[in-house]
K.L.:
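Dumping the structure here so I can ask a few things about it.
This one's a predicted model, so the numbers in the text were calculated from it and none came from an experiment.
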Amino acid sequence: MPKIATLSGTRALIIELLLQKECLKEEDLLTIREAQNKDKLPVEEILLKKRLVTERDIAEAYSEYLMVPLFEPSEDEVRVDKELARLLPEKICRDHLLAPVALHDGMLDVAFFTATSLHIVDELQWLTGMTVCPLIAPLSVVEGILGTFFEEMNWPGSGGESGDFEEVDDEDDQGSTEELGNEEIVHLDQPPPPGRDGRIIRFVNQIFEQAFRIGASDIHIERFEERCKVRLRADGKLIEIAPPSLSLYPAVVARIKVLSKMDIAEKRKPQDGAISLKTGDKRIDLRVNTVPTVHGEKVVLRILDRSAIPLKLTDLGFDERQTNDLCESIEMPHGLMLVTGPTGSGKSTTLYACLSRLNKPDVNICTVEDPVEYKFTGINQIQVKAQVGLTFASALRSFLRQDPDVIMVGEVRDQETAGICLRAALTGHFVLSTIHTNDALSAINRLEDMDIEAFLLASTLRVLVAQRLIRRLCPRCREAYLCDEETAHRVGLTTGQKVFKPVGCRECRDLGYRGRVGIFEVIRITDKLADMIQCKKPLPELRKAATEQGMKLLYDSALAKVCDGMTSLEEALSVTVAEEES
């Protein structure tokens, strides 16, 4: 910002004006001088940062002295034409804290925050070819208008910032956070502090808010050689939004690392952290991971919205038969339940829904997770910390001395963990866990590869679940059609079956899909299946026996969702593959 004009030759204009208005006291000048020597910030930003005066005090002082109208509309009166954003470059607007607010009869009204920016009025007139009428406005009004302009143009970051911010100082952001025990919660609804740090905070908050608005599950912030990327994963698909400028990228990463309690100086090693946010009455947790790439650190944030978790099995997508099989299995006094599926298929959500059903005053539940994604009252949850020797296996051994009724293990990763899980299931505990396989019954082969004996599997397994997530058709714009004979024969439907296809509308951002639903394979281990497992029958025979007993495989579950109008045939086929006829 240009050097500020003075009245006395030694003090800034705004200082003299505020002293004359008695908004500022002489004893405040020492504080201002010390802050200027330390932070090298414009005097207006120091006044606001130290909370010595208000934005309105500054705006009124400039307005009266310069005899320039004050622009301070109420929230109901703000109806800024977003077409005005195209008249002036974003860089000039942000560097000089100004915003075009109205256009009439070839004259452009421009709101300025400080008097020092008025020297570029001639430049603005040359750029626009219009007569510029300056107004004075509080900082929040100017920045609010700029946020409206450039959010519509996929801001954050479409035009770049004036400086390179290598670090974000979080000490003045305390007004937007609260301590809850050892946990700090960031309030997105509270305005960030003024100044450069405040702009970075507002920038990051807007990324969060945009992700929450579209229901994203992940935020990817990436640095490449000539540009950056910000992508949001919504309904399983990545959507790119306009990224920050290269100069702003380090500050964005630093801000996120500060919030997630990471070491901002460490850029050579991966780091993990967590952020707790609050917007309105809604609490949202973020799981944060950074990794160094050849061009800089990449940040991925997993959004964990507990209020969005369906804790009823039917809400997850299980049909009535699957729900009954699952509920009867997990309410047995001992045994093992395994959930299989790729990363991001909702395995943890299914386990949490089961634990929620089992969470009663007379049941002692212990979990060991990596990481603990959602915290539940009444459940003892342990976070794996491999660096101090707290692994799945070591935590499990300790659990067995804690008199548990139900044990949940985040993942069966190795032979030792698998062995302890099965021994716990044999000795009067019900154990729930996950394992990575393509379908439910393939978990048997995976455990046998870990040298688990077939007779142990036959006696401990109670239920196997495989799952995937498929996109749900937008109920507003989906379009019905009748399945033709060739397609019906190929996929296993009846000719003339009424199915739906995506169209696209404003509600679903012209994608035709909105939200996701699970498809499931619930294999309850009956006496017949247990005998076949002990005899080491091949997987095709096990699958055939399961279907003969009325259990649905993944493909069958997907087709049922198609027939119910929840998803399209194309989406179902893209996720599952029909079993070859034997």
K.L.:
When rounded to the nearest 0.5 angstrom, what distance separates OG1 in Thr434 from CG in Leu338?
P.N.:
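These two atoms lie 8.0 Å from each other.
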
K.L.:
Would you say Thr567 and Arg472 make side-chain contact, with heavy atoms under 4.5 Å?
P.N.:
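A side-chain contact is absent here, since even the closest heavy-atom pair is not under 4.5 Å.
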
K.L.:
Check whether any side-chain heavy atom of Asp370 lies under 4.5 Å from a side-chain heavy atom of Gln383, and answer yes or no.
P.N.:
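Side-chain contact under 4.5 Å: yes.
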
K.L.:
Given 3.5 Å as the limit, does a donor-acceptor pair link the side chain of Ser433 with the main chain of Val409, or not?
P.N.:
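Between the backbone of Val409 and the side chain of Ser433 there is a qualifying donor-acceptor contact (under 3.5 Å).
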
K.L.:
Just jot down the side chain to side chain contact (heavy atoms under 4.5 Å, CB included) partners of Cys563, sequence neighbours excluded, or say none.
P.N.:
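Cys563 satisfies side chain to side chain contact (heavy atoms under 4.5 Å, CB included) with Leu493, Gln497 once adjacent residues are dropped.
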
K.L.:
Any non-hydrogen side-chain atom of Leu511 less than 4.5 Å from a side-chain atom of Pro502?
P.N.:
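Contact flag for Leu511/Pro502 side chains = no.
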
K.L.:
How far apart are the closest heavy atoms of Val431 and Ala424, and which atoms are they?
P.N.:
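Result for this residue pair: CG2-CB, 3.9 Å.
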
K.L.:
Please determine if Glu297 and Arg223 form a salt bridge, counting it only when a charged side-chain N lies under 4.0 Å from a carboxylate O.
P.N.:
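Salt bridge flag = no for Arg223 with Glu297.
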
K.L.:
Does Thr279 form a side chain to side chain donor-acceptor pair (under 3.5 Å) with Glu209? I'd like the steps, not just the answer.
P.N.:
CA-CA 9 Å; Thr279 173; Glu209 288 166 356; 5.9 Å; no

K.L.:
Determine which pairs satisfy ring pair (Phe, Tyr, Trp, His ring centres under 6.0 Å) with at least one residue from residues 382-401, sequence neighbours left out, and list them in order.
P.N.:
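For residues 382-401, and leaving out neighbouring residues, there are no ring pair (Phe, Tyr, Trp, His ring centres under 6.0 Å) pairs at all.
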
K.L.:
Which pairs, with at least one residue in residues 411-439 and sequence neighbours excluded, count as a ring pair (Phe, Tyr, Trp, His ring centres under 6.0 Å)?
P.N.:
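Checked against ring pair (Phe, Tyr, Trp, His ring centres under 6.0 Å) - neighbours excluded - no pair reaches residues 411-439.
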
K.L.:
Strictly distance-based, threshold 3.5 Å: is any side-chain N or O of Ser329 a donor or acceptor partner for the main-chain N or O of Asp325?
P.N.:
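Such a contact is found between Ser329 side chain and Asp325 backbone.
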
K.L.:
Salt bridge between Glu328 and Arg524, side-chain N to carboxylate O under 4.0 Å?
P.N.:
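So Glu328 pairs with Arg524 through a salt bridge.
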
K.L.:
With no hydrogens and no angle check, is any side-chain donor or acceptor of Asp235 less than 3.5 Å from a backbone partner on Gly515?
P.N.:
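It does hold such a pair.
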
K.L.:
Counting C-beta onward and ignoring hydrogens, is there a side-chain heavy-atom pair between Val368 and Met408 closer than 4.5 Å?
P.N.:
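No. Closest side-chain heavy atoms not under 4.5 Å.
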
K.L.:
Between the main-chain N or O of Val300 and the side-chain N or O of Asp218, is there a donor-acceptor pair closer than 3.5 Å?
P.N.:
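Checking the backbone N and O of Val300 against the side chain of Asp218, no donor-acceptor pair under 3.5 Å is found.
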
K.L.:
Hey, is Arg283 close enough to Asp285 for a salt bridge, meaning N to O under 4.0 Å?
P.N.:
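The answer is yes: the pair qualifies as a salt bridge.
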
K.L.:
In plain terms, say whether Arg471 and Glu571 are close enough for a salt bridge, that is, a side-chain N and a carboxylate O under 4.0 Å apart.
P.N.:
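A salt bridge is present here (some side-chain N lies under 4.0 Å from a carboxylate O).
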
K.L.:
Just wondering, do Leu301 and Arg287 contact through their side chains at under 4.5 Å, heavy atoms?
P.N.:
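No, their side chains stay 4.5 Å or more apart.
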
K.L.:
Would you give me the side-chain donor-acceptor pairs under 3.5 Å for residues 444-459, sequence neighbours excluded?
P.N.:
{"from": "Ser459", "atom 1": "OG", "to": "Phe455", "atom 2": "O", "distance (Å)": "3.0"}
{"from": "Ser459", "atom 1": "OG", "to": "Leu456", "atom 2": "O", "distance (Å)": "3.1"}

K.L.:
Between Arg490 and Leu573, which heavy-atom pair has the shortest distance, and what is it?
P.N.:
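Scanning both residues completely, I find the closest heavy atoms to be NH1-CD1, 4.2 Å.
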
K.L.:
Verify, without hydrogens or angle tests, whether Ser557 (side chain) and Leu553 (backbone) share a donor-acceptor contact under 3.5 angstrom.
P.N.:
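Not confirmed, Ser557 side chain does not pair with Leu553 backbone.
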
K.L.:
Any chance you could measure Arg255, atom CZ, to Ser260, atom OG, to the nearest 0.5 Å?
P.N.:
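One finds 10.0 Å between CZ of Arg255 and OG of Ser260.
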
K.L.:
Can Glu369 and Gln381 be said to form a side chain to side chain donor-acceptor pair (under 3.5 Å), step by step?
P.N.:
CA-CA 7 Å; Glu369 306 170 59; Gln381 297 173 272; 3.0 Å; yes

K.L.:
Taking all non-hydrogen atoms of both residues, which atom of Leu554 and which atom of Ile519 are closest, and how far apart?
P.N.:
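Heavy atoms only, the tightest pair is CD2-O, 3.6 Å.
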
K.L.:
Under a 3.5 Å distance rule, please check whether Arg478 uses its side chain to pair with a backbone N or O of Gly565 as donor and acceptor.
P.N.:
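Indeed, once roles are kept as given, a pair shorter than 3.5 Å links the two residues.
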
K.L.:
Among side-chain atoms of Asp484 and Thr487, is any donor-acceptor pair under 3.5 angstrom?
P.N.:
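Yes - a donor-acceptor pair under 3.5 Å links their side chains.
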
K.L.:
For the CD1 atom of Ile525 and the CG atom of Leu336, what is their distance to the nearest 0.5 Å?
P.N.:
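Ile525 atom CD1 to Leu336 atom CG measures 9.5 Å (nearest 0.5 Å).
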
K.L.:
Could you name each residue pair satisfying ring pair (Phe, Tyr, Trp, His ring centres under 6.0 Å) that touches residues 472-501, not counting sequence neighbours?
P.N.:
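Ring pair (Phe, Tyr, Trp, His ring centres under 6.0 Å) check on residues 472-501 returns no pairs.
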
K.L.:
Is there a side-chain contact between Leu464 and Thr340 in this structure, where contact means two heavy atoms from C-beta onward sitting under 4.5 Å apart?
P.N.:
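Leu464 does not reach Thr340 side chain to side chain.
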
K.L.:
From Arg213 CZ over to Gln206 CD, what is the distance, rounded to the nearest 0.5 angstrom?
P.N.:
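The CZ atom of Arg213 sits 9.0 Å away from the CD atom of Gln206.
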
K.L.:
I'd like to know if the side chain of Glu240 and the backbone of Val230 have a donor-acceptor N/O pair within less than 3.5 Å.
P.N.:
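Not confirmed, Glu240 side chain does not pair with Val230 backbone.
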
K.L.:
Looking only at heavy atoms, what is the nearest atom pair of Leu469 and Val575, with distance?
P.N.:
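Shortest heavy-atom separation between Leu469 and Val575 comes out as O-CG2, 4.3 Å.
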
K.L.:
Are the charged groups of Arg357 and Glu331 less than 4.0 angstrom apart, N to O?
P.N.:
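Salt bridge: yes.
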
K.L.:
Would you check if His220 and Lys229 make a side-chain contact, meaning some heavy-atom pair closer than 4.5 Å?
P.N.:
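A side-chain contact is absent here, since even the closest heavy-atom pair is not under 4.5 Å.
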
K.L.:
Over all heavy atoms of both residues, which pair between Val491 and Leu559 is shortest? Give the atoms and the distance, please.
P.N.:
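For Val491 and Leu559, the tightest heavy-atom pair comes out as O-CD1, 3.3 Å.
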
K.L.:
Is there a donor-acceptor pair closer than 3.5 Å between any side-chain N or O of Glu521 and the backbone N or O of Ala440?
P.N.:
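Side chain of Glu521 to backbone of Ala440: a pair is present.
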
K.L.:
How would you list, by chain and number, every residue that makes a side-chain hydrogen bond (donor to acceptor under 3.5 Å, both in side chains) with Thr293, sequence neighbours excluded?
P.N.:
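side-chain hydrogen bond (donor to acceptor under 3.5 Å, both in side chains) check on Thr293 returns nothing, list empty.
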
K.L.:
Determine, stepwise, if the pair Ser442 / Asp439 fulfils side chain to side chain donor-acceptor pair (under 3.5 Å).
P.N.:
CA-CA 6 Å; Ser442 294; Asp439 60 32; 2.5 Å; yes

K.L.:
Using 0.5 Å steps for rounding, measure from the NZ atom of Lys528 to the NZ atom of Lys537.
P.N.:
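Rounded to the nearest 0.5 Å, the NZ-NZ separation comes to 10.5 Å.
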
K.L.:
Can you check whether Met332 reaches Arg462 side chain to side chain, under 4.5 Å on heavy atoms?
P.N.:
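Counting from C-beta outward, Met332 and Arg462 do come under 4.5 Å.
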
K.L.:
May I ask you to decide if the ring planes of Phe376 and Tyr352 are parallel, tilted or perpendicular, using 30° and 60° as cut-offs?
P.N.:
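Plane angle between 30° and 60°, so tilted.
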
K.L.:
Without swapping roles, check the side chain of Gln467 against the backbone of Gly346 for a donor-acceptor pair under 3.5 Å.
P.N.:
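Judged by distance alone, yes, a pair lies under 3.5 Å.
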
K.L.:
To the nearest 0.5 Å, what is the distance between CE (Met566) and CG (Leu473)?
P.N.:
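Reported value, rounded in 0.5 Å steps: 11.0 Å.
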
K.L.:
Does this structure show an ion pair linking Asp319 with Lys552, if we count only N-O contacts that are shorter than 4.0 Å?
P.N.:
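Judged by the 4.0 Å cut-off on N to carboxylate O distance, Asp319 and Lys552 do form a salt bridge.
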
K.L.:
Keeping the roles fixed (side chain from Glu507, backbone from Cys474), state whether a donor-acceptor pair exists under 3.5 Å.
P.N.:
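Checked: no pair found.
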
K.L.:
Where do Asn289 and Asp272 land on the side chain to side chain donor-acceptor pair (under 3.5 Å) test, with the steps shown first?
P.N.:
CA-CA 5 Å; Asn289 176 263; Asp272 290 295; 2.8 Å; yes

K.L.:
Quick one: closest heavy-atom pair of Ser217 and Arg516, and the distance?
P.N.:
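The pair with the smallest heavy-atom distance is OG-NH2, 4.4 Å.
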
